[in-house]
*Asks:* 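Take a look at this one; I'll ask things after.
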Amino acid sequence: MILVSACIVLYNTSQIDLQKSLSSLMEEELISKIYLIDNSPKKMKNFIDISNDRIIYIHCPENPGFGFSHNMAINKVLELKYDYHFVVNPDIYFNKGVINEMIDYIEANSSIGMMMPQILNIDGTVQNLPKLIPSIYSIFMRKFRKPKPIYRKFIDKYEFRNYNVNKVYNLPILSGCFSLLNLECISEIGMYDDRYFMYFEDWDLSRRMHKKYKTLFFPKVSVFHGYESGANKNFKLFKIYIRSLIVYFKKWGWIFDKERRKFNGNALKQL
């Protein structure tokens, strides 16, 4: 029997968003445990059916951060000998069948450590979330988007925009808004680096996984994501983004990064 779990980290999440996300997970029979890690100052469980034995609610008002909170759930399912775990943002929802199709695919290939589906905006347009490994140049180009002719050529390549929805790609950077983790691989390479409070922790995990296992972009199935891009609108979130950026490049190299060139080159060859 395959054991599959999922986790959503909450912070003053809207009731509508959470109910849509939770309903999507609850409809998937394969998922036997759903962890809700609530980092809100006040408990949000008043509109959550915590009497359901599939739901485990944990309140963390100290708000230890995205990666730390997801690690709490991952640790628990590792102890329970689960096979696979979904990391899900509270603003994600999807049609029934997505979970089964992703699990079927990863079950057929033990070399897969991590997967993400195609991510869509609420209106059905594509969010370009799989990426090449970033450099300082790519971070600044994404933020400032100028000069436009150079930016357009850059972003199509960096965000892997010209992909074929009927193919599966092994890419070094996957988004953490909706990802499937092979827990056997996680037990080997480690969980989220909780030095990142928020931002870059998913890129860091994906990159570490990519060194040993396949990290697949699986556009044959899709989920919907209410993307906010908070760091571009909120100064507090922007400061958190900058702190995480510093952690990331201190860890992987500000300028020199031979691994980045190798992995990015291999990713682009798939186009």
Side-chain angles (χ1 to χ4, degrees), residues 2 4 6-8 20-21 24-25 27-28 30-31 83-134 138 142 152-182 185-186 200-229 260 263-271:
I2 302 171
V4 183
C7 178
I8 304 174
K20 289 170 71 174
S21 184
S24 294
L25 291 172
E27 286 187 15
E28 300 288 346
L30 268 180
I31 299 178
D83 301 292
Y84 304 108
H85 181 76
F86 283 89
V87 172
V88 184
N89 272 20
D91 52 1
I92 289 278
Y93 66 94
F94 50 90
N95 297 322
K96 189 172 182 178
V98 167
I99 298 295
N100 284 58
E101 193 160 346
M102 292 181 72
I103 292 294
D104 286 347
Y105 197 90
I106 199 171
E107 269 282 283
N109 191 335
S110 61
S111 65
I112 301 171
M114 189 172 178
M115 289 175 68
M116 69 169 287
Q118 183 183 60
I119 310 294
L120 302 177
N121 292 303
I122 304 304
D123 64 2
T125 56
V126 173
Q127 289 182 14
N128 298 289
L129 296 186
K131 293 175 179 63
L132 300 179
I133 294 176
S138 60
R142 270 192 90 230
R152 176 50 55 194
K153 184 176 180 180
F154 153 79
I155 202 66
D156 285 349
K157 177 180 175 182
Y158 175 64
E159 293 188 342
F160 214 77
R161 293 190 171 192
N162 298 316
Y163 64 86
N164 183 336
V165 294
N166 296 310
K167 289 183 64 177
V168 178
Y169 299 91
N170 184 25
L171 303 183
I173 298 293
L174 305 181
S175 170
C177 71
F178 188 93
S179 53
L180 167 58
L181 307 179
N182 182 329
C185 301
I186 287 290
F200 288 89
E201 73 290 312
D202 49 350
W203 296 5
D204 181 275
L205 177 62
S206 177
R207 177 172 181 163
R208 283 187 283 122
M209 185 68 79
H210 190 74
K211 294 174 74 168
K212 289 197 170 186
Y213 298 96
K214 292 178 181 178
T215 50
L216 296 188
F217 174 48
F218 188 70
K220 296 185 178 185
V221 296
S222 302
V223 301
F224 295 95
H225 179 216
Y227 185 59
E228 290 289 339
S229 189
R260 179 180 68 220
F263 288 168
N264 287 351
N266 290 339
L268 290 170
K269 286 177 184 177
Q270 296 170 73
L271 289 175

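The analysis underlying the following values was restricted to heavy atoms, covering all of them including side chains, and did not include hydrogens, waters or symmetry mates. Being a predicted model, the structure only gives us computed values, none of them experimental.
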*Asks:* Where do Pro172 and Phe263 come nearest, in terms of heavy atoms and distance?
*Replies:*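 The pair with the smallest heavy-atom distance is CB-CB, 4.2 Å.
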*Asks:* Might you work through the side-chain contact (heavy atoms from CB on, under 4.5 Å) test for Ile119 and Val223, ending with a clear yes or no?
*Replies:* CA-CA 5 Å; Ile119 310 294; Val223 301; 3.5 Å; yes
*Asks:* What about Phe217 and Phe160, are their ring centers closer than 6.0 Å?
*Replies:*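 Centroid distance Phe217-Phe160: not below 6.0 Å, so no.
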*Asks:* Between atom NZ of Lys157 and atom CG of Leu271, what is the distance when rounded to the nearest 0.5 Å?
*Replies:*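 If I round to the nearest 0.5 Å, the distance is 10.5 Å.
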*Asks:* Can you check whether Thr125's main-chain N or O pairs, donor with acceptor, with Asp123's side chain at less than 3.5 Å?
*Replies:*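 It does hold such a pair.
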*Asks:* Which atoms form the tightest heavy-atom contact between Leu30 and Val4, and what is the distance?
*Replies:*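 Minimum heavy-atom separation between Leu30 and Val4: O-CB, 3.5 Å.
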*Asks:* Would you sort out whether Ser24 and Ile92 count as a side-chain contact (heavy atoms from CB on, under 4.5 Å), showing the intermediate values?
*Replies:* CA-CA 9 Å; Ser24 294; Ile92 289 278; over 6 Å; no
*Asks:* Between NE2 of His210 and CE of Met114, what distance do you get to the nearest 0.5 Å?
*Replies:*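 Going from the NE2 atom of His210 to the CE atom of Met114 covers 12.0 Å.
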*Asks:* Restricting to non-hydrogen atoms, name the atom on Leu174 and the atom on Ser206 that form the minimum distance, rounded to 0.1 Å.
*Replies:*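 Taking Leu174 first and Ser206 second, the nearest heavy atoms are N-OG, 3.0 Å.
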*Asks:* How many angstroms lie between CD1 in Ile106 and CG in Leu216, if you round to the nearest 0.5 Å?
*Replies:*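 If I round to the nearest 0.5 Å, the distance is 7.5 Å.
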*Asks:* Drop me the distance from Leu25's CG to Ile8's CD1, to the nearest 0.5 angstrom.
*Replies:*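 Leu25 CG to Ile8 CD1: 5.0 Å, rounded to 0.5 Å.
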*Asks:* For the side chain to side chain contact (heavy atoms under 4.5 Å, CB included) test, which of Glu101, Gln118, Met116 pairs with Phe218?
*Replies:*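 Among the candidates, only Glu101 passes.
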*Asks:* Determine whether a donor-acceptor pair (N or O, by modelled atom type, separation under 3.5 Å) exists between the side chain of Asn182 and the backbone of Ile112.
*Replies:*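 Confirmed, Asn182 side chain pairs with Ile112 backbone.
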*Asks:* Considering all heavy atoms of both residues, which atom of Ile2 and which atom of Glu107 are nearest to each other, and what is their separation?
*Replies:*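 So the minimum-distance heavy-atom pair works out to CD1-OE1, 3.3 Å.
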*Asks:* Determine whether a donor-acceptor pair (N or O, by modelled atom type, separation under 3.5 Å) exists between the side chain of Ser21 and the backbone of Asp91.
*Replies:*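 Answer holds: no.
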*Asks:* Is there a donor-acceptor contact under 3.5 Å from the side chain of Lys131 to the main chain of Leu129?
*Replies:*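 Yes; judged by distance alone, with no hydrogens or angles, the pair exists.
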*Asks:* Parallel, tilted or perpendicular for Trp203 and Phe200, by the 30°/60° rule?
*Replies:*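 Plane angle over 60°, so perpendicular.
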*Asks:* Does any N or O in the side chain of Asn170 come within less than 3.5 Å of the main-chain N or O of Thr215, such that one atom is a donor and the other an acceptor?
*Replies:*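 Yes, Asn170 side chain to Thr215 backbone: donor-acceptor pair under 3.5 Å.
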*Asks:* Just how far is it from atom OH of Tyr84 to atom CD1 of Ile186, taken to the nearest 0.5 Å?
*Replies:*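 Result: 12.5 Å between the selected atoms.
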*Asks:* Is a donor on one side and an acceptor on the other found under 3.5 Å between the side chain of Asn264 and the backbone of Ile133?
*Replies:*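 Yes, the answer is positive, given that a donor and an acceptor are paired below the 3.5 Å cut-off.
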*Asks:* State which residue, out of Asn109, Val168, Leu171, fulfils the side chain to side chain contact (heavy atoms under 4.5 Å, CB included) condition with Lys214.
*Replies:*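 When Asn109, Val168, Leu171 are each tested with Lys214, the side chain to side chain contact (heavy atoms under 4.5 Å, CB included) holds only for Asn109.
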*Asks:* Considering all heavy atoms of both residues, which atom of Ser175 and which atom of Ser179 are nearest to each other, and what is their separation?
*Replies:*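 Between these two residues, the closest heavy atoms are O-CB, 3.8 Å.
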*Asks:* Is the distance from the ring center of Phe178 to that of His225 below 6.0 Å?
*Replies:*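 When the ring centroids of Phe178 and His225 are compared, they turn out to be at least 6.0 Å apart.
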*Asks:* Is the backbone of Asn164 close enough, under 3.5 Å, to the side chain of Tyr169 for a donor and an acceptor to pair up by distance?
*Replies:*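 Yes, the answer is positive, given that a donor and an acceptor are paired below the 3.5 Å cut-off.
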*Asks:* So, taking the atom named CZ in Phe86 and the one named CD1 in Ile99, what distance separates them when rounded to the nearest 0.5 Å?
*Replies:*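 Reported to 0.5 Å precision, the distance equals 3.5 Å.
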*Asks:* Looking at every non-hydrogen atom in both residues, tell me the closest pair between Pro219 and Tyr163 and how far apart they are.
*Replies:*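 Closest heavy-atom pair between Pro219 and Tyr163: CB-CE1, 3.9 Å.
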